[in-house]
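Ligands are counted one by one from 1 in listed order, and the atoms in each one are counted from 1 as well. Remember, it's a predicted structure, so these values are computed and weren't measured experimentally.
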Amino acid sequence: AAPTDHESETATISQGAVEKNHAGYSGTGFVNFDNVVGSYVEYTVNAAQAGTQTLTFRYANGTTIDRPVSLSVNGTAAGTLSFPGTGAWTTWKTVTKDVTLAAGANKIRTTATTENGGPNADKLTVSGVVDAEAPTP
Ligand code: GCU
């Protein structure tokens, strides 16, 4: 199956705002995480079958300081992701990670682990067996 895009602006946002003030994003905007520990963006990804898939997060970080997040899949910790500076808030780069998805709906959560919050989050692209965007809960 073709990779599917999951725009951050349609994900579940705990603390953050959908913004459009830095060009180059896909969809209708990006998520600016609040600059606090614990702010998260959670994507719902519907997989046709269980298995390992590659997650590709597109982001911008206009600072020189990493904006790491912890990753969880269906509530289970799945490591951390580093989002180093991209040089400008309008320069978007990608970070990838392989995870195991269950068949059906999967909750993929990225949670800021520093007081700077996460990076500006554009979208999550999921490889492989993913079917379609699950309905918004
Ligand atoms: C700036 C920038 C935001 C960014 C924020 C941050 O305000 O315009 O897009 O999210 O810095 O440091 O998180």
Side-chain angles (χ1 to χ4, degrees):
T4 48
D5 284 347
H6 300 264
E7 294 291 342
S8 302
E9 61 270 27
T10 61
T12 300
I13 303 160
S14 72
Q15 293 158 285
V18 175
E19 296 180 350
K20 304 164 176 280
N21 60 328
H22 301 298
Y25 55 81
S26 65
T28 58
F30 57 85
V31 172
N32 172 355
F33 281 77
D34 285 358
N35 300 120
V36 293
V37 173
S39 51
Y40 69 77
V41 176
E42 183 177 85
Y43 306 85
T44 301
V45 171
N46 200 30
Q49 61 191 71
T52 300
Q53 301 298 331
T54 301
L55 307 181
T56 301
F57 294 91
R58 188 167 189 263
Y59 78 101
N61 175 1
T63 77
T64 56
I65 300 168
D66 189 17
R67 295 279 178 104
V69 304
S70 60
L71 180 68
S72 71
V73 178
N74 299 322
T76 300
T80 58
L81 293 167
S82 178
F83 291 102
T86 57
W89 291 111
T90 49
T91 300
W92 302 85
K93 295 191 173 176
T94 57
V95 163
T96 63
K97 173 110 177 155
D98 286 353
V99 297
T100 302
L101 299 183
N106 291 266
K107 300 288 189 187
I108 297 174
R109 184 181 295 195
T110 53
T111 304
T113 60
T114 73
E115 64 190 5
N116 291 325
N120 285 354
D122 181 29
K123 66 177 175 179
L124 165 63
T125 303
V126 186
S127 68
V129 298
V130 171
D131 244 343
E133 185 92 36
T136 304

Same apolar cluster: Val95 and Leu71, side chain cutoff 4.5 Å
yes
Between ligand 1 and the protein, which N/O pairs are shorter than 3.5 Å?
{"from": "ligand 1", "atom 1": "8 (O)", "to": "His22", "atom 2": "NE2", "distance (Å)": "2.8"}
{"from": "ligand 1", "atom 1": "9 (O)", "to": "His22", "atom 2": "NE2", "distance (Å)": "3.0"}
{"from": "ligand 1", "atom 1": "9 (O)", "to": "Asn120", "atom 2": "ND2", "distance (Å)": "2.8"}
{"from": "ligand 1", "atom 1": "10 (O)", "to": "Asn32", "atom 2": "OD1", "distance (Å)": "2.9"}
{"from": "ligand 1", "atom 1": "10 (O)", "to": "Asn32", "atom 2": "ND2", "distance (Å)": "3.1"}
{"from": "ligand 1", "atom 1": "10 (O)", "to": "Asn120", "atom 2": "OD1", "distance (Å)": "2.7"}
{"from": "ligand 1", "atom 1": "12 (O)", "to": "Arg67", "atom 2": "NH2", "distance (Å)": "2.8"}
{"from": "ligand 1", "atom 1": "13 (O)", "to": "Asn35", "atom 2": "ND2", "distance (Å)": "3.0"}
{"from": "ligand 1", "atom 1": "13 (O)", "to": "Arg67", "atom 2": "NH1", "distance (Å)": "3.0"}

When the ring planes of Tyr25 and Trp92 are compared, do they come out parallel, tilted or perpendicular, using 30° and 60° as the limits?
perpendicular
Partner set under side-chain hydrogen bond (donor to acceptor under 3.5 Å, both in side chains) for Tyr59, not counting sequence neighbours:
none
Taking side-chain contact (heavy atoms from CB on, under 4.5 Å) as the test, write out the residues that go with Glu19, two or more places apart.
Ala17, Asn21, Phe30, Asn32
Which residue, Val41, Thr4, Ile108, Thr56, forms the side chain to side chain contact (heavy atoms under 4.5 Å, CB included) with Leu124?
Ile108
Residues passing the ring pair (Phe, Tyr, Trp, His ring centres under 6.0 Å) test with Phe33, sequence neighbours excluded, are none
